[in-house]
Amino acid sequence: MSSLINFDDMNWIALAPELIILVTALFILLVGLNKTLNNNRYLSQASLLGIGAALVCSLYLWNMAPTAASGTQPGMFSNALINDRFSQIFNVIFLVMSLFAVFGSVRYPQADNENKAEYFSLVLLTVMGMMFLAKSGNLITAFISLEIFSVSLYILCGFSAKHGTGREIASDKVELSWETLSSQESTVKYLLTGAFASAILVYGMALMYAGTGTTEIRLIGQLLRENPYTSNLLVYIGMGLMFCGLAFKVSLVPFHSWTPDVYQGAPTPITGFMSVATKAAAFAVIARIFFIALPEIQEIWMPFLFGASVLTMLVGNIGAVFQDNVKRMLAYSGIAHAGYLLIGIVANSQEGMASIIFYLAIYLFMNIGAFAVVFIMEGEGQEGNSINRFKGLAKRSPLLAAAMSLFMVSLAGFPPTAGFFGKLYVFVAAIKAGYTLITILAVIASVISVYFYLRVIVMMYFHEEDEEIPFTIHKGMGAIVTVSTVAILAFGLFPSSLMQLALDSIPF
Amino acid sequence: MFLYAWLILLLPLLGFIGLSWYGDKIPKKFAGYLGCATVGLSFLVSVAALIDLLALEADKRLGHVATLYQWVSSGTFQLNLSILIDPLSVFMFLIVTGVGFVIHVYSIGYMDEDPEFSRFFSYLNLFIFSMLLLVAAADFFFLIVGWAFVGLASYLLIGFWREKTSAVLAARKAFVMNVIGDVGMVIAAFVIFDAFGSINFVDVFAAAPDKFRANDDTVLLITLLLLVGAFAKSAQIPLHTWLPDAMEGPTPVSALIHAATMVTAGVYLVARCHVLYELAPYTMYFIAATGVITAVFAGSIGMVQYDIKRVIAYSTMSQLGYMFLAMGIGVFSLGMFHLMTHAFFKALLFLAAGSVIHGLNGEQDIRKMGGLKSVMPLTHITFLIGALCLAGFPLTSGFFSKEAIILSSWHAEMGNFVFLGIAVITAGMTAFYIFRVYFYTFIGKQRNTDAHPHESPFIMAAPLLILSFFALVMGFAAPAVDAFLSPVFGREMVHYHDSFLETIAVLAGLGGIVTAGLIYLTSQDKLEFAKQAFAPIYDLVYNKYYVDEIYDFLIVKPVRAIGGFFEEKAEREGIDRAVDEVGAGVRQVSYGISLWQSGKVRSYALNMIVGVVTVLLFVVFF
């Protein structure tokens with residue numbers, strides 16, 4: 001391997017979306033110094049502008065990206081990054097997600113908080129990290145990108161803190177509110193466990209390098225294919241540890257414990273954002289590593305991926321049954337969905353990859369829609385996200401209740417919503433690859449999930465409200481709910497076009 | 001090229017959605033007009049489709065699939081949102097939307113005083129949409145969807161007067177019977193997919209003749225399972241009991257659902273799947289036999305009923321029996337032709353009966369009617385026309401279609417003496433019972449002097465006149481219909497000429513009319529005498545052969561008893577408990593997971609270490 005810098009494959013154009021986001025993030029940080037411009041309105045508009053531009057670029061680049069058919073090499077920057085349709089379609093998922101996050105941040109950061117610019121800039125930096133992660137062609141780039149977005153998220157999770165805004169001398173003795181405490185708890189828990197996971201991950205990568213002599217993902221795959229001596233115990237252990245580190249990010253059992261606590265404490269827009277975006281980012285790199293680098297040693301990783309998938313689906317869905325806090329319930333449901341997604345990796349086929357992309361695109365809308373409704377209905381204090389607040393919603397706001405029902409039904413996977421097709425394609429891929437057992441278990445797990453999804457609907461439609469709970473539907477939230485509803489219905493009616501898109505976007 | 005044919009389906013669907021959402025907010029008149037307009041426009045588009053189809057060469061009219069887009073593609077299973085345009089489906093479009101439109105218009109008058117006027121029209125539109133989806137489907141999936149929707153719409157319409165217990169019970173009965181049929185259809189679709197790897201009509205029917213020899217087990221299974229659905233919808237023995245009860249709905253509903261459209265779905269299904277049925281001669285015999293038995297069975301019951309609508313309902317069953325007879329002996333286009341003529345004259349009879357009921361403020365018992373001839377002249381004339389058609393009076397439409405079926409029941413390859421005999425006897429019965437109603441209702445003195453009958457308004461009379469016209473003349477369209485449909489069935493209709501049989505059939509009809517006249521126009525004493533003399537038979541027939549009671553005894557009671565037993569033992573002790581236990585178990589595990597979620601970071605780290613160690617053990621030792 002030459003250590004010279006290769007100037008020929010610096011394809012800056014392919015990095016346009018990332019660069020736009022980076023510039024926007026830095027710009028917002030600077031603008032935040034100006035007191036008049038440091039308000040939600042200007043900052044969110046600037047963010048939206050940047051995200052929109054990046055989104056357009058990504059869509060354009062998706063079209064231009066090298067494909068297996070075109071014969072061009074996808075590697076760039078000495079193969080540290082990969083420019084293919086897979087990375088660009090994940091860019092689209094992240095960007096849409098961040099669009100929702102910015103739209104959703106109407107109450108965060110709070111009015112008395114001065115760190116508004118930091119909030120938006122951190123959201124953008126998170127997205128940038130994810131985008132680089134989906135593009136990484138090298139384990140080192142992957143790790144750095146992963147840390148960029150993780151560190152940003154650690155901070156964002158603590159943003160519910162109303163106090164401690166940087167003043168050197170505390171003015172008064174402050175009583176910390178429940179939100180503040182739980183948000184801070186969330187940050188600390190996420191940081192500690194996350195650091196632990198990162199350590200495991202980077203150790204795994206080091207062993208992988210020790211075993212193969214390279215950190216290039218595509219090269220690892222090539223070596224494993226061509227050189228039987230590469231297939232050694234160091235590689236196996238490295239792979240196992242890398243899986244554990246990434247499993248933390250997508251909250252697979254038993255690496256899931258942080259999820260409910262962090263989701264519950266974090267500001268709701270951030271919870272919604274990370275519930276989908278983190279999962280998508282980590283699955284992008286899992287897909288790349290297992291599908292591109294390690295398919296040759298499938299029989300080694302298959303058993304524990306299989307086990308983790310089944311365990312995750314069951315624990316996630318069963319755990320959600322007991323939850324009265326909607327955010328915690330959605331956290332467990334998110335764990336379960338990670339299990340379904342892992343089936344796509346287990347299938348280890350092109351269809352499996354495509355079904356993951358499809359599922360994530362669908363999951364984005366139904367989950368962010370659900371979180372938007374949770375945000376609208378949110379109250380203060382420990383009971384602020386109690387499921388009891390949904391009682392009688394159907395009478396007060398039939399449209400909101402109908403939208404929430406659609407999200408729940410879609411998450412549970414009822415036809416003809418988009419959620420049904422998400423599951424269908426994953427299951428079909430698994431059955432085609434010969435994994436019938438996992439499909440049966442997945443179906444059993446989703447039967448359990450029907451209980452807690454429908455429970456929300458029951459609360460909304462069949463219970464009288466205990467007391468008048470005031471809520472306002474902010475424009476941004478209304479937009480999220482509307483777009484998600486339309487998307488779920490549209491993808492339910494026209495699933496094949498999206499699936500075709502996903503099939504065109506598998507990594508190579 | 002037939003993409004626009006989707007409008008035929010979409011218009012009534014839009015009408016249904018619009019009326020359900022905004023029906024209460026718009027003026028009542030407008031709701032009625034809107035309901036009519038969607039079906040009327042749908043009819044015009046059907047006519048356009050007919051014209052386009054006729055412009056093509058006869059052999060190029062088949063198998064036009066108008067696909068909107070591919071809905072599902074998973075492995076070998078492909079599902080397109082598409083409809084099939086060929087002479088058979090266009091033929092059905094025209095009947096459904098044409099007769100449907102006329103009945104919609106009539107409903108404006110008939111339902112005028114109903115407080116839930118717009119709800120009625122939204123259901124009617126839903127019904128038309130469902131029926132069109134059923135006949136337009138290009139695969140078994142949407143056929144079943146339409147099939148189930150028709151069941152739903154009929155449930156809603158039969159039980160429209162929801163404050164009436166009997167109506168709600170009748171709606172439930174119809175729904176249950178229909179669902180039995182649906183189950184048969186769904187299983188049939190699975191078997192078809194298993195056998196052919198596709199559920200598209202075009203693929204399945206193209207592959208069938210090469211794949212299976214005659215009377216292959218699979219084909220027999222498929223055709224019989226489909227028949228379960230067909231018999232349930234078309235009220236053939238033994239799945240017929242819902243049809244007479246369904247008369248609890250408003251009369252336009254009876255006309256629309258239980259005469260012109262819904263009950264013909266079964267006949268349509270056999271026609272659509274004729275390729276499969278031709279491969280299963282055993283099933284064909286079974287269809288023909290069931291058809292004739294139903295025909296004579298229902299005909300005999302019709303002779304002794306006193307509810308004007310029930311008589312007509314039994315006659316529908318009986319006429320459907322004729323259609324199935326035609327299907328069973330392989331003269332498909334004749335069956336479809338009878339379906340068409342029947343749609344006209346039966347809708348006419350129902351609407352005229354509705355006019356009578358409307359004029360008498362809800363009276364349905366013919367013993368309390370009489371002498372309406374002078375009071376309701378228009379209704380009288382139109383009812384008479386309908387009755388003549390039904391009785392097969394020469395040169396009316398019913399004459400042409402029924403006559404042809406009777407002749408075929410002897411001359412066709414699969415015809416035999418029994419079929420012929422029963423068909424002729426039924427023809428006599430048919431003429432008898434419908435003229436019995438006619439004489440009771442329109443001739444003689446008014447029996448109930450309290451009633452003040454009045455002629456119906458124009459908006460109800462106009463549909464009667466339109467239908468009368470078609471009922472009278474459509475018989476002459478026989479060659480055209482035959483030429484139009486024959487490419488679908490791949491065979492020319494054979495025109496049998498047998499003046500002896502023709503005479504007998506005509507005489508049977510005339511004999512029925514004359515007998516009815518002799519009995520009901522002369523004296524009531526003879527009638528009573530006849531009733532006394534044949535008391536056992538009379539009771540048997542009057543009580544509809546006790547089929548409901550037999551079902552009650554043979555099926556409902558045992559099922560109840562078994563059900564009671566199982567409820568006690570299996571349900572409460574077994575299944576319920578199992579479900580409860582599983583639920584409790586899940587909650588218990590869920591609680592355990594909550595306990596596991598200690599909230600302490602060190603225990604989370606421990607979880608992760610356990611995970612890492614497990615994975616490493618897997619990697620190293622497996």
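First the proteins, then the strands, lettered A, B, ... as listed; each starts at 1.
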Requested in this report: Drop me the distance from A/M239's CE to B/L616's CG, to the nearest 0.5 angstrom.
Outcome: 10.0 Å

Requested in this report: Would you please test A/Y332 and B/I593 for side chain to side chain contact (heavy atoms under 4.5 Å, CB included) and show each step?
Outcome: CA-CA 11 Å; A/Y332 277 105; B/I593 291 174; 3.9 Å; yes

Query raised in the report: Do B/V619 and A/W301 come within less than 4.5 Å of each other through their side chains, counting heavy atoms only?
Result: no

Query raised in the report: Going from NZ on B/K600 to NZ on A/K189, what distance comes out if it is rounded to the nearest 0.5 angstrom?
Result: 8.5 Å

Report summary line: Taken to the nearest 0.5 Å, the spacing of A/I200 CD1 from B/M608 CE works out to 4.5 Å

Report task. Take atom CD of A/Q350 as the centre, draw a 6.0 Å sphere, and report whether it contains more than 12 heavy atoms from other residues, nucleotides or ligands. Result -> no

Query - Check: B/I609 and A/F196 side chains under 4.5 Å, non-hydrogen atoms - result: yes

Query - B/R119 CZ: over 12 foreign heavy atoms closer than 6.0 Å - result: yes

Requested in this report: Can you measure from OG (B/S590) to OH (A/Y451) and round to the nearest 0.5 angstrom?
Outcome: 9.0 Å

Report task. Output every pair passing side-chain hydrogen bond (donor to acceptor under 3.5 Å, both in side chains) with a member in residues 601-617 of chain B, not counting sequence neighbours, ordered by first then second residue. Result -> A/S257-B/N607, A/D261-B/Y604, B/W596-B/N607, B/Q597-B/Y604, B/S598-B/S603

Query raised in the report: Which residue out of A/G307, A/P254, A/G240 racks up the most heavy-atom pairs below 4.5 Å with chain B?
Result: A/P254

Query - Top contributor to chain B interface from A/L233, A/L192, A/V315 [non-hydrogen pairs under 4.5 Å] - result: A/V315

Query raised in the report: Out of curiosity, A/F304 CZ to B/L617 CG, how far, rounded to the nearest 0.5 Å?
Result: 11.5 Å

Query raised in the report: Who pairs with B/A188 by side-chain contact (heavy atoms from CB on, under 4.5 Å), at least two apart in sequence or on another chain?
Result: B/L225, B/L226

**Report entry** Between A/S497, A/P260, A/A308, A/A320, the one whose heavy-atom pairs under 4.5 Å with chain B are most numerous
**Finding:** A/P260

Query - Heavy-atom proximity to chain B below 4.5 Å, by part of A/I237 - result: both

**Report entry** Per-residue contact mode, A/A429 against chain B (heavy atom under 4.5 angstrom)
**Finding:** neither

Report summary line: Honestly, the part of A/V253 sitting under 4.5 Å from a heavy atom of chain B is side chain

Query raised in the report: Should the heavy atoms of other residues, nucleotides or ligands under 6.0 Å from CZ of A/F306 be counted, would the total exceed 12?
Result: yes

Report summary line: Bottom line for A/I431: the part with an atom under 4.5 Å from chain B's heavy atoms is neither

